[in-house]
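Working notes for the structure below.
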Amino acid sequence: MGAASKYFKNIYDSVTTIFEGMTVTFSYMFQKPVTIQYPNKMPEPLQKSLPDRYRGFLQVDYDLCTSCEACAKACPIDCISLDGVKVPGRKGKVPYFFHINLAKCMFCGLCVEPCPTDAIYFTKEFEGAWASVKNQVYSYVPEEVSLKFLEEAKKAEANKEKKVTEEAS
Ligand code: SF4
Ligand code: SF4
């Protein structure tokens, strides 16, 4: 092939290649877009389409928790801290604080497995945009509940001491 033929063949190849590429590009101009504006134009919340075993943020039901600490002991990186008190009418202890450092948590699920009451579980919530990894310690017992538990425990302890004193006298 001569130099002139090669030159014109290159031009032909370039034009046909561009044309082929643009045909694909232009074809999308007449199709319904497959992309969706997230999150405000989703047909339904994304959480609904997530599988049941999805590991989102952890949640703790303080009404079910017996403060056995099995979850805290199972956590390989010490994300969980809690303490409980005995109150009348409740099995085990009630947690008056239950903290999880979500900045450290790696969502491994080792805390969920040993829980005897299913008090700690994964949710499907994953949207947590944080400006800083500091102070991501979440409290799962509201302050008013915590104060109520402590007050009940104090009263129960006082009643117990009173009973012991009365029995001894
Ligand atoms: S999911 Fe894993 S890392 Fe997170 S708190 Fe539970 S045991 Fe710890
Ligand atoms: S294992 Fe369950 S019941 Fe025990 S402290 Fe953790 S959340 Fe509470």
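Just so we're clear, the structure is a prediction, and the values are computed from it rather than from any experiment. Remember, it's 1-based here, ligands and their atoms both numbered in the order they're listed. In this chain, residues are counted from 1 in sequence order.
- Between I120 and Y140 the shortest side-chain heavy-atom distance does not fall below 4.5 Å.
- For R55 (side chain) and C108 (main-chain N/O), a donor-acceptor pair under 3.5 Å exists by modelled atom type.
- Using the six-membered ring where Trp is involved, F57 and F107 have ring planes that are tilted, between 30° and 60° apart.
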Passes side-chain contact (heavy atoms from CB on, under 4.5 Å), Y96 versus V94? Steps please. CA-CA 6 Å; Y96 65 91; V94 290; 6.0 Å; no
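- Between Y140, Y62, F98, it is F98 that holds the heavy atom closest to atom 7 (S) of ligand 2.
- Considering only heavy atoms from C-beta on, F126 comes within 4.5 Å of Q47 through its side chain.
- Here is the list of ligand 2 atoms found below 4.0 Å of a heavy atom in E69: 4 (Fe), 5 (S).
- Considering only heavy atoms from C-beta on, I100 comes within 4.5 Å of F98 through its side chain.
- Contact analysis leaves A74 out of contact with ligand 1, as no non-hydrogen atom separation drops below 4.0 angstrom.
- For atom 3 (S) of ligand 1, the closest non-hydrogen atom of the protein is M106 N, 3.5 Å.
- Between the side chain of S67 and the main chain of K93, a donor-acceptor pair closer than 3.5 Å is present.
- Among the atoms of C108, no N, O or S atom falls under 2.8 Å of atom 8 (Fe) of ligand 1.
- Contact atoms of ligand 1 toward F107: 1 (S), 4 (Fe) (distance under 4.0 Å to a heavy atom of the residue).
- Around NZ of K104, the count of heavy atoms belonging to other residues, nucleotides or ligands within 6.0 Å exceeds 12.
- Of the possible polar contacts, one joining the T117 side chain to the L64 backbone as a donor-acceptor pair under 3.5 Å is found.
- The shell of residues lying under 4.0 angstrom from ligand 2, judged by heavy atoms, excludes P114.
- Of all the heavy atoms of C111, the ones lying under 4.0 Å from any atom of ligand 1 are found in both the backbone and the side chain.
- Close approach of ligand 1 to C75 is summarised as follows: ligand atoms under 4.0 Å from at least one heavy atom of the residue are 3 (S), 5 (S), 7 (S), 8 (Fe).
- The atoms of ligand 1 that sit less than 4.0 Å from any heavy atom of L58 are 5 (S), 6 (Fe).
- Residues L58 and F122 meet the side-chain proximity criterion, which asks for heavy atoms closer than 4.5 Å.
- Every atom of ligand 2 with a heavy atom of C115 under 4.0 Å away is listed here by number and element: 1 (S), 2 (Fe), 3 (S), 7 (S).
- Interface atoms of ligand 2 facing C71, defined by a heavy-atom separation under 4.0 Å, are 1 (S), 5 (S), 6 (Fe), 7 (S).
- In summary, the atoms of ligand 2 found under 4.0 Å from a heavy atom of T66, numbered by their order in the structure, are 3 (S), 8 (Fe).
- Residue contacts with ligand 1, taken as heavy atom pairs separated by less than 4.0 Å, do not involve V112 at all.
- Annotation for ligand 1: atoms under 4.0 Å from non-hydrogen atoms of G109 are 1 (S), 2 (Fe).
- Remark: distances from the non-hydrogen atoms of D78 to ligand 1 are all 4.0 Å or more.
- Per-residue contacts place C79 under 4.0 angstrom from the following atoms of ligand 1 (heavy atoms of the residue considered): 3 (S), 5 (S), 8 (Fe).
- With a 4.0 Å heavy-atom cut-off, ligand 2 is reached by the side chain of T117 but not by its N, CA, C or O.
- Taking 4.0 Å as the cut-off between side-chain N and carboxylate O, R90 and D63 count as a salt-bridged pair.
- Contact check for L150 versus K154: no side-chain heavy atoms found under the 4.5 Å cut-off.
- Protein heavy atom at the shortest distance from atom 4 (Fe) of ligand 2 is C68 SG, 2.2 Å.
- In terms of protein heavy-atom proximity, atom 8 (Fe) of ligand 2 is nearest to C65 SG, 2.4 Å.
- Using the six-membered ring where Trp is involved, F149 and Y62 have ring planes that are perpendicular, over 60° apart on the 30 and 60° scheme.
- Listed by number with element, the atoms of ligand 1 under 4.0 Å from a non-hydrogen atom of P76 are 7 (S).
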